[in-house]
Structures are given as structure tokens and as C-alpha cells.
> 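The structure is given below, and queries will be raised subsequently.
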Amino acid sequence: MNYWLFKSEPDAWSWDQQVARGDTGEEWAGVRNYQARNNMRSMKIGDRGFFYHSNVGKEMVGVVEVVRESAPDSTTDDPRWDCVVIKAIAPLKRPVTLDACKVTPGLENMALVKSTRLSVQPVTEAEWEIVCKLGGIDA
């Protein structure tokens with residue numbers, strides 16, 4: 001299993017909206033960055049990710065799972081853009097902020113800290129375990 005981080009502005013698409021989609025999940029559409037798209041192309045069903053509220057909050061608030069591998073993005077006719085479908089698994093008991101990541105040993109090289117603008121990022125297994133602990137859930 002691989003681990004990821006999905007960023008969304010909560011006023012555009014929030015954790016609560018993701019949860020409301022249930023087991024059907026939601027297409028992670030609208031990504032127009034090649035590196036983020038390539039990250040989604042690497043995802044497999046069952047991979048897990050953190051749901052991150054960007055701009056407002058700047059914090060990881062929940063865990064999601066990939067339920068459909070990369071396929072054409074339904075929001076465009078441009079064949080360059082793909083997306084996955086993710087479903088909410090569980091909220092973090094305590095949100096984990098970007099500021100907390102910046103000062104937590106083991107997270108100093110996390111993509112979230114180094115590449116703050118990238119909307120879909122890889123997370124290492126070690127980072128996953130640290131963030132889960134900070135968030136009050138089992139890895």
C-alpha cells in the first residue's frame with residue numbers, strides 16, 4: 001500500500017462533503033498539474049491518503065481511500081488530465097496542522113513541508129505513522 005495527501009480548499013470541497021459521498025466516493029477532479037496527475041496515475045485501489053484542508057485551516061482532517069484508479073477526468077475533454085476516486089474512511093481525532101508538521105521530527109522532509117503548493121502528494125510510510133499518531137488514530 002502507498003500513502004498520499006489530497007489537498008482541497010474547504011470552501012470548495014470539504015471533509016464533510018467528502019464524508020457525505022459515502023462508499024461511492026468522489027472523483028478527485030480538476031487537477032491541472034502534471035506532477036499531481038502523475039501521482040494519481042501511480043495510485044492503486046486500497047491506497048490511503050490524508051485529506052488536507054488548504055488555505056483555511058491548513059490541516060489534515062481525515063483519512064481517505066482510493067476506490068478507483070486513475071481514469072479520464074470528467075470535468076474536461078482534454079485527454080492529458082486524469083483523476084482517481086476517493087472515499088472517506090475516518091476523521092482524525094485531532095487535526096494535524098502544517099505548522100505541527102514543520103516542527104515534528106521525522107516530518108521535516110514531508111512533501112507537505114517542502115512542496116506546499118502541490119495538490120496531490122506522496123507520503124512515506126514513516127510520515128504516515130507519525131501523522132496518524134499526532135492525529136490520534138492507528139496507522
Side-chain angles (χ1 to χ4, degrees):
M1 177 186 319
N2 290 309
Y3 302 101
W4 308 93
L5 182 139
F6 297 85
K7 287 182 166 185
S8 181
E9 295 177 18
D11 55 347
W13 186 256
S14 71
W15 171 250
D16 289 340
Q17 289 171 295
Q18 185 68 48
V19 169
R21 295 295 291 144
D23 287 339
T24 303
E26 181 68 17
E27 189 177 64
W28 202 254
V31 173
R32 301 295 182 263
N33 173 284
Y34 288 107
Q35 188 175 0
R37 180 213 54 198
N38 291 344
N39 285 337
M40 287 192 289
R41 285 182 173 177
S42 298
M43 293 177 187
K44 302 293 181 206
I45 292 174
D47 281 359
R48 294 281 172 107
F50 291 119
F51 192 100
Y52 180 86
H53 279 165
S54 61
N55 292 342
V56 178
K58 295 185 180 179
E59 59 191 5
M60 288 171 265
V61 295
V63 174
V64 296
E65 181 177 296
V66 175
V67 295
R68 187 198 78 197
E69 293 180 11
S70 190
D73 183 331
S74 69
T75 65
T76 182
D77 292 328
D78 188 332
R80 294 177 295 171
W81 304 115
D82 299 355
C83 62
V84 295
V85 173
I86 60 172
K87 72 174 184 177
I89 298 296
L92 295 179
K93 291 180 181 175
R94 293 180 300 274
V96 178
T97 65
L98 173 59
D99 287 341
C101 292
K102 289 179 178 179
V103 299
T104 300
L107 299 180
E108 59 276 349
N109 292 315
M110 190 174 185
L112 180 63
V113 173
K114 297 289 188 179
S115 304
T116 58
R117 297 183 58 90
L118 187 61
S119 63
V120 180
Q121 313 175 349
V123 174
T124 68
E125 186 172 357
E127 293 164 347
W128 181 264
E129 291 173 3
I130 293 167
V131 172
C132 285
K133 185 175 181 180
L134 291 172
I137 63 170
D138 292 331

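FYI, the numbering just counts along the sequence from 1.
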> Kindly give the heavy-atom pair with the smallest separation between K87 and Q18, and that separation in Å.
CA-NE2, 3.8 Å
> What are the two closest heavy atoms between P10 and S14, and how far apart are they?
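Distance-wise, the nearest heavy atoms are O-CB, 3.4 Å.
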> Is any side-chain N of the basic residue among D73 and R32 closer than 4.0 Å to the acidic one's carboxylate O?
yes
> With sequence neighbours left out, what residues match F6 under ring-ring contact (aromatic ring centres under 6.0 Å, His included)?
W28
> If hydrophobic clusters are built by linking Ile, Leu, Val, Met, Phe, Trp and Tyr wherever their side-chain heavy atoms come under 4.5 Å apart, do V131 and V63 end up in the same one?
yes
> About how many Å separate NZ of K133 and CZ of R94, when rounded to the nearest 0.5 Å?
10.0 Å
> Do the side chains of V19 and W4 join up, straight or via other hydrophobic residues, at under 4.5 Å, putting them in one cluster?
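Linked within one cluster.
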> Rounded to the nearest 0.5 Å, what's the gap from OG on S8 to CZ on F51? Could you check?
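Result: 4.5 Å between the selected atoms.
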> In the single-linkage hydrophobic clustering (I, L, V, M, F, W, Y; side-chain heavy atoms under 4.5 Å), do L134 and V113 co-cluster?
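Cluster IDs for L134 and V113 match.
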> Please check: side-chain N/O of E59 versus main-chain N/O of D99, any donor-acceptor pairing under 3.5 Å?
no
> Around D78, counting heavy atoms of other residues, nucleotides and ligands shown, do more than 12 lie under 6.0 Å from its CG?
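Yes - once you tally the heavy atoms of other residues, nucleotides and ligands closer than 6.0 Å, there are more than 12.
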> First locate atom SG of C132, then atom CG of L92, and finally report the distance between them rounded to the nearest 0.5 Å.
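Atom-to-atom, C132:SG and L92:CG are 7.0 Å apart.
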> Please check if the side chain of D47 supplies one atom and the backbone of M1 the other of a donor-acceptor pair under 3.5 Å.
no
> Compare every heavy atom of V96 with every heavy atom of C101, then report the nearest pair and how far apart it is.
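Looking at all heavy atoms of both residues, the closest pair is SG-CG1, 3.9 Å.
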> Walk me through whether R41 and D82 qualify under salt bridge (charged side-chain N to carboxylate O under 4.0 Å, His left out).
CA-CA 7 Å; R41 285 182 173 177; D82 299 355; 2.7 Å; yes
> What is the distance from atom OG of S70 to atom CE of M40, rounded to the nearest 0.5 Å?
6.0 Å
> Is there a side-chain contact between V120 and M43 (heavy atoms, below 4.5 Å)?
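With C-beta onward as the side chain, the pair touches.
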> For D23, does the CG atom sit with more than 12 other heavy atoms under 6.0 Å from it, leaving out its own atoms?
no
> Which heavy-atom pair separates V31 from A36 by the least distance, and what is that distance?
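Taking every non-hydrogen atom into account, CG1-CB, 3.5 Å.
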> Would W13 and V61 show up in the same hydrophobic cluster when neighbours are defined by side-chain heavy atoms closer than 4.5 Å?
yes
> Can any side-chain N or O of E129 pair as donor or acceptor with the backbone N or O of A126 at less than 3.5 Å?
no
> Check C83 against P72 and note the closest heavy-atom contact, atom names and distance.
SG-O, 4.4 Å
> Please confirm whether the backbone N or O of W15 pairs with a side-chain atom of H53, one donor and one acceptor, at under 3.5 Å?
yes
> With no hydrogens and no angle check, is any side-chain donor or acceptor of S115 less than 3.5 Å from a backbone partner on L118?
no
> Output all residues satisfying ring-ring contact (aromatic ring centres under 6.0 Å, His included) with W81, sequence neighbours left out; order by chain, then residue number.
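Partners of W81 under the ring-ring contact (aromatic ring centres under 6.0 Å, His included) test: Y34.
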> Can I get a per-line list of side-chain donor-acceptor pairs under 3.5 Å for residues 102-112, giving both atom names and the distance, sequence neighbours left out?
residue, atom, partner, partner atom, Å
T104, OG1, A100, O, 2.6
E108, OE1, G106, N, 2.9

> What pair of heavy atoms forms the shortest contact from A88 to V64, and how long is it?
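In this case the closest contact between A88 and V64 is CA-CG1, 4.1 Å.
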> Applying a strict under-4.5 Å side-chain criterion to I, L, V, M, F, W and Y, I'd like to know whether V85 and I45 cluster together.
no
> Drop me the distance from Q35's CD to R37's CZ, to the nearest 0.5 angstrom.
11.0 Å
> Stepwise, does the side chain to side chain donor-acceptor pair (under 3.5 Å) test hold for S74 with E27?
CA-CA 8 Å; S74 69; E27 189 177 64; 2.5 Å; yes
> If I take atom CH2 from residue W128 and atom CZ from residue F50, how far apart are they, to the nearest 0.5 angstrom?
4.0 Å
